[in-house]
Asks: 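Please see the structure below; I have some questions.
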Amino acid sequence: MNEEQFEESPLLTVRATEVAGVVVVAVEGEIDVDTADLVLDAVRLALTTTGPALIADLTLVTFFGSTGISTLISAHEIADEHGRKLHVVAPQRAVRRPLQVTGVADVLPLYDSVDEVLTALKPVPSE
């Protein structure tokens with residue numbers, strides 16, 4: 001998959017790229033009621049490709065409230081329906097803390113970088 005930019009709003013840009021065989025949906029801007037559907041549309045489209053997982057990179061998200069949490073839960077459910085696991089990159093407190101406080105972090109693995117997710121996805125060599 002080449003980098004693909006999805007529909008854009010003044011508040012949000014969503015791009016999907018493939019990194020080491022895993023699709024990364026990078027979100028930049030504000031996830032709110034006006035932009036949540038753009039994120040979910042990108043997730044649905046990304047899941048039409050092959051790969052073991054899907055990464056939601058929220059490193060550049062500037063606003064993340066209850067709608068952002070609901071959006072991630074929906075993305076998790078969509079990925080699960082496709083037999084994939086959603087991994088969330090959320091290094092900044094503004095995104096990570098609401099996920100931890102609400103217990104969503106207990107269901108969705110949180111990482112500090114895309115590289116950290118890719119390392120976690122690598123199979124452990126058998127002895």
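Values below: every heavy atom of this structure, side chains too, minus hydrogens, waters and symmetry copies.
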Asks: Mind checking whether V95 and Y111 sit in one hydrophobic cluster, side chains of I, L, V, M, F, W, Y counted as touching below 4.5 Å?
Replies: no
Asks: List, one per line, each side-chain donor-acceptor pair under 3.5 Å for residues 66-80, sequence neighbours excluded.
Replies:
residue, atom, partner, partner atom, Å
S70, OG, S66, O, 3.2
T71, OG1, T67, O, 2.7
S74, OG, S70, O, 3.1

Asks: Consider only side-chain heavy atoms of I, L, V, M, F, W and Y, link residues closer than 4.5 Å, and tell whether V43 and V61 are in one cluster.
Replies: yes
Asks: Kindly compute the distance separating CZ (R44) from CG (D37), expressed to the nearest 0.5 Å.
Replies: 7.5 Å
Asks: So how far is it from E18 CD to T50 OG1, rounded to the nearest 0.5 Å?
Replies: 6.5 Å
Asks: Do K85 and L121 have side chains that approach each other closer than 4.5 Å (heavy atoms only, starting at C-beta)?
Replies: no
Asks: When the side chains of residues 99-109 are checked against the rest of the protein, which donor-acceptor pairs come out under 3.5 Å, sequence neighbours left out?
Replies:
residue, atom, partner, partner atom, Å
T102, OG1, P98, O, 2.8
T102, OG1, L99, O, 3.4

Asks: Are F64 and L86 co-members of a hydrophobic cluster defined by side-chain heavy atoms under 4.5 Å apart?
Replies: yes
Asks: Is it possible for you to say whether V39 and V24 belong to one hydrophobic cluster, with membership spreading through side-chain heavy-atom contacts below 4.5 Å?
Replies: no
Asks: Heavy atoms, side chains only, cut-off 4.5 Å: are I31 and L58 in contact?
Replies: yes
Asks: Is a side-chain donor or acceptor of R15 paired with a backbone partner of A26 at a separation under 3.5 angstrom?
Replies: no
Asks: Distance check, rounded to the nearest 0.5 Å: L12 atom CG versus E30 atom CD?
Replies: 8.5 Å
Asks: To check you understand the geometry: which heavy-atom pair defines the closest contact between P52 and G21, and what is its length?
Replies: CD-O, 3.8 Å
Asks: Taking all non-hydrogen atoms of both residues, which atom of A46 and which atom of V25 are closest, and how far apart?
Replies: CB-CG2, 3.8 Å
Asks: Starting from the C-alpha separation in whole Å, work towards a yes-or-no answer on side-chain hydrogen bond (donor to acceptor under 3.5 Å, both in side chains) for T59 and D57.
Replies: CA-CA 6 Å; T59 302; D57 184 356; 2.5 Å; yes
Asks: Do V27 and F63 share a hydrophobic cluster (ILVMFWY, side-chain heavy atoms under 4.5 Å, transitive)?
Replies: no
Asks: Do I55 and L118 make a side-chain contact, defined as non-hydrogen atoms from C-beta onward lying under 4.5 Å apart?
Replies: yes
